[in-house]
Number of protein chains: 2
Amino acid sequence: MGRHKVTIKKIEDATRSQITFSKRRNGLIKKIHELSTLSDVDVALVAFSPSGRVSQYPSDNKKFMKTLNRYVNLPILDRD
Amino acid sequence: MGRHKVTIKKIEDATRSQITFSKRRNGLIKKIHELSTLSDVDVALVAFSPSGRVSQYPSDNKKFMKTLNRYVNLPILDRD
DNA sequence: GGGTCTATTTATAAATG
DNA sequence: TCATTTATAAATAGACC
């Protein structure tokens, strides 16, 4: 989407990579919030930026860790 | 997007909720893959379905746990 | 339960403040 | 950097199989 069609491969230009990361991370977090709300489910996301900073969803750490722990404590056969 | 505009609130009908979950989860995982590839970054996702089954990204458990551990070991001040 | 179609909404690439 | 604009690509709601 956007002015041009984009091929999904690593963006070598660091500036463009960072800009794309910021915009798409925002879109991703919005979509996760929508999925979580619409279907009333637990979702957690961790995303490292090109510079190594981290974003998470949900922003509340207790809720975030609760979802991760729910995953970790799940019998492996019930995963995916 | 789609035939009608949708309000972001819990879908009470269980069947519609499940269908929406499946479709949007697929879209979400595609977008995460794109972000991860375009900006060459680590991203991890956990999503529980309405019936309690879990989906994850990346599907490879070692890569997945590596990203989670990278997060857990990060100094709290470097988060978000 | 997953796959296809398509009208329509939404995300976003590039350009610009 | 961070926000806004706008043309265009992409996601998806509902219907169907």
Side-chain angles (χ1 to χ4, degrees), chain A residues 1-60 67 70-71 74-80, chain B residues 1-60 64 67 71 74-80:
Chain A
M1 52 219 106
R3 298 298 180 109
H4 296 287
K5 189 168 164 56
V6 147
T7 306
I8 304 305
K9 59 184 284 292
K10 179 176 176 181
I11 298 168
E12 299 294 344
D13 180 71
T15 302
R16 282 191 55 238
S17 178
Q18 174 62 55
I19 291 171
T20 292
F21 178 83
S22 297
K23 289 184 173 181
R24 282 179 173 255
R25 179 206 51 204
N26 291 345
L28 200 54
I29 286 177
K30 184 179 179 186
K31 286 230 171 260
I32 291 174
H33 173 70
E34 292 181 351
L35 177 65
S36 170
T37 303
L38 287 167
S39 297
D40 193 28
V41 292
D42 288 333
V43 184
L45 175 89
V46 175
F48 285 90
S49 75
S51 61
R53 287 190 65 73
V54 72
S55 301
Q56 71 185 60
Y57 181 93
S59 55
D60 180 74
T67 300
R70 188 179 168 196
Y71 172 81
L74 203 69
I76 291 182
L77 286 176
D78 290 341
R79 293 182 189 170
D80 214 14
Chain B
M1 51 221 106
R3 297 302 178 108
H4 295 287
K5 190 168 162 55
V6 145
T7 306
I8 305 304
K9 60 184 284 292
K10 179 176 176 181
I11 298 168
E12 298 295 343
D13 180 71
T15 301
R16 283 191 55 239
S17 178
Q18 174 61 56
I19 290 171
T20 292
F21 178 83
S22 297
K23 290 186 172 182
R24 281 180 173 254
R25 180 206 49 204
N26 292 347
L28 201 51
I29 285 176
K30 183 178 179 189
K31 285 234 172 256
I32 290 173
H33 174 70
E34 292 182 351
L35 177 63
S36 169
T37 303
L38 288 167
S39 298
D40 193 28
V41 292
D42 288 335
V43 185
L45 175 89
V46 175
F48 285 89
S49 76
S51 61
R53 285 189 67 72
V54 73
S55 302
Q56 72 184 60
Y57 181 93
S59 55
D60 179 74
F64 175 81
T67 301
Y71 172 81
L74 203 68
I76 290 181
L77 286 176
D78 290 341
R79 293 183 189 168
D80 215 12

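A, B, ... follow the sequence lines: proteins, then strands. Residue 1 opens every chain.
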> Touch check for B:Lys5, heavy atoms < 4.0 angstrom, all strands: base, sugar-phosphate only, or nothing?
Replying inline: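 The residue B:Lys5 makes sugar-phosphate contact but no base contact.
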Which value, rounded to the nearest 0.5 Å, describes the distance between [X] atom [atom1] and [Y] atom [atom2]?
{"X": "A:Asn26", "Y": "A:Ser55", "atom1": "CG", "atom2": "OG", "answer": "8.0 Å"}
{"X": "B:Gln18", "Y": "B:Thr20", "atom1": "CD", "atom2": "OG1", "answer": "9.5 Å"}
{"X": "B:Phe21", "Y": "B:Ser51", "atom1": "CZ", "atom2": "OG", "answer": "8.0 Å"}
{"X": "B:Leu38", "Y": "A:Lys9", "atom1": "CG", "atom2": "NZ", "answer": "9.5 Å"}

>> For a 4.0 angstrom threshold against heavy atoms of chain B, report the outermost contacting nucleotides of DNA chain D in 5' to 3' order.
In response: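 First and last nucleotides in contact are D:dA11 to D:dA15.
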> How do B:Arg16 and B:Lys30 order along DNA chain D: which one's closest nucleotide is nearer the 5' end?
Replying inline: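 So the residue in question is B:Lys30.
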>> Quick check on DNA chain D: between A:Asn26 and A:Met1, whose nearest nucleotide comes earlier from the 5' end?
In response: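 Upstream on the strand: A:Asn26.
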> Using rotation axes that map the C1' atoms of four end pairs onto the next four (five pairs an end), what angle separates the end axes of the helix from C:dG2-D:dC17 to C:dG17-D:dC2, to 10°?
Replying inline: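 End-to-end axis angle: 50°.
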Between [X] and [Y], is any pair of side-chain heavy atoms under 4.5 Å apart?
{"X": "B:Leu45", "Y": "A:Val43", "value": "yes"}
{"X": "A:Phe48", "Y": "B:Thr67", "value": "yes"}
{"X": "B:Leu28", "Y": "B:Tyr57", "value": "no"}

> Of A:Arg25, A:Arg24, A:Lys10, A:Lys23, which meets salt bridge (charged side-chain N to carboxylate O under 4.0 Å, His left out) against B:Glu34?
Replying inline: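 Of all the options given, the one that passes is A:Arg24.
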> 5'-most contact on DNA chain C: B:Leu38 or B:Gly2, nearest heavy atom basis?
Replying inline: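 Nearest nucleotide further toward 5': that of B:Gly2.
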>> What is the separation between atom NE2 on A:His4 and atom C1' on C:dA15, rounded to the nearest whole Å?
In response: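 Rounding to the nearest Å, NE2 of A:His4 and C1' of C:dA15 are 10 Å apart.
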